[in-house]
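Residues take their numbers from the sequence shown, with the count starting at 1.
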Amino acid sequence: VLNVKGLGAAGNGVTDDSAIINNAITTAHAAGGGVVMMPPGAYALIASGLIMKSSVTIRGAGALKSTLRPASGVVAIHAPGGQAAGTVSFTATNATPAVFTVGSGSAPGIGVAVTLTGGSLPGGFAAGVPYYVAASSGTAFQLAAWAFGAALASSSSGSGNVVQAGQITQAVCEDFGIVGPGQGAGSAPGMSMSWLTTGTRFHRMYITTCGGDGMAAVNSYIVSARDLFISYNGGHGLNGQLNINSWDMSGNSSLGNTGW
């Protein structure tokens with residue numbers, strides 16, 4: 001068990017704890033799995049959100065005791081999975097929105113999460129940040145900052161590699177809350193998820209006042225989402241699109257205005 005306060009997280013709602021918690025998640029994943037514990041506190045996420053990984057549990061001390069506090073425009077939790085792991089080269093245009101073209105094969109499908117690598121990425125895009133495919137046709141695709149988000153513009157052309165992760169399994173979020181910056185503060189969801197499957201679960205969570213959806217999920221199946229309270233968000237409470245199958249959703253007290 002990795003206690004994030006023991007690793008230096010402040011949990012005071014002001015100091016950015018995103019790097020410390022993400023480092024703990026990466027450490028647990030590299031060890032084959034583990035638990036990242038968030039004791040009572042308010043954990044500010046300013047530079048980035050948290051990145052879920054297979055076989056890692058993110059656990060709080062209770063939905064109202066341990067809370068993530070994302071800044072405007074920050075998705076508190078990304079679960080950036082893909083249908084199958086792989087890397088291909090791309091070129092990208094200076095356009096609104098940017099158009100990416102893969103060097104071989106077909107473009108990744110809509111809803112797939114990817115990261116970009118390379119030394120000449122198009123302006124406005126960063127290496128290692130999760131992006132989600134907003135549009136895809138043949139060898140061309142466009143990227144959004146989160147599931148169901150608008151396709152992003154670039155300020156220059158570029159090239160590099162697009163990396164698609166494999167499916168996320170046995171990943172867990174439980175016993176903590178997400179308190180967003182407010183319904184009118186941007187349009188980022190509390191959680192953005194793609195290609196989750198067997199053993200992944202979200203239990204005993206409170207998600208409120210996010211700018212967009214509380215939870216946005218695409219291409220995910222055999223997921224347990226139980227004992228949730230999702231309300232007062234700017235978009236849907238739970239928005240599931242594109243191949244959402246076999247979810248266990250018992251015991252939820254509120255899911256807000258769902259899109260399913």
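Asn233 and Ser231 are not linked by any side-chain donor-acceptor pair at a separation below 3.5 angstrom, with hydrogens and angles left out of the test.
Contacts classified as salt bridge (charged side-chain N to carboxylate O under 4.0 Å, His left out) and involving residues 144-158 (residues at least two apart or in different chains) are not found. Among pairs with a residue in residues 149-168, those fulfilling side chain to side chain donor-acceptor pair (under 3.5 Å) read Ser120-Ser159, Gln167-Tyr221, at least two apart in sequence or across chains. Residue pairs satisfying the ring-ring contact (aromatic ring centres under 6.0 Å, His included) criterion with at least one member in residues 171-212, sequence neighbours excluded, are listed as follows: Tyr206-Phe229.
By the side-chain hydrogen bond (donor to acceptor under 3.5 Å, both in side chains) test, Thr67 is found to be paired with Arg69, residues two or more places apart in sequence or in another chain being considered. With sequence neighbours left out, the side-chain contact (heavy atoms from CB on, under 4.5 Å) criterion links Ala47 to Asp16, Ser18. By the side-chain hydrogen bond (donor to acceptor under 3.5 Å, both in side chains) test, Thr15 pairs with Asn12, sequence neighbours left out. Residues passing the side-chain contact (heavy atoms from CB on, under 4.5 Å) test with Thr198 are Gln170, Ile222, sequence neighbours excluded. With sequence neighbours left out, the side-chain hydrogen bond (donor to acceptor under 3.5 Å, both in side chains) criterion links Asn3 to no other residue. Checked against side-chain contact (heavy atoms from CB on, under 4.5 Å), Asp175 has the following partners two or more places apart in sequence or in another chain: Arg59, Arg204.
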Can you give the donor-acceptor pairs under 3.5 Å from side chains of residues 26-46 to other protein atoms, not counting sequence neighbours?
residue: Thr26; atom: OG1; partner: Asn22; partner atom: O; Å: 3.1
residue: Thr27; atom: OG1; partner: Asn23; partner atom: O; Å: 2.9
residue: His29; atom: ND1; partner: Ser54; partner atom: O; Å: 3.0
residue: Tyr43; atom: OH; partner: Pro39; partner atom: O; Å: 2.6

Show me, pair by pair, the donor-acceptor contacts under 3.5 angstrom made by side chains of residues 140-153, not counting sequence neighbours?
none

Below 3.5 Å, can you tabulate the donor-acceptor pairs from side chains in residues 90-119 to any protein atom, sequence neighbours excluded?
residue: Thr93; atom: OG1; partner: Val99; partner atom: N; Å: 3.1

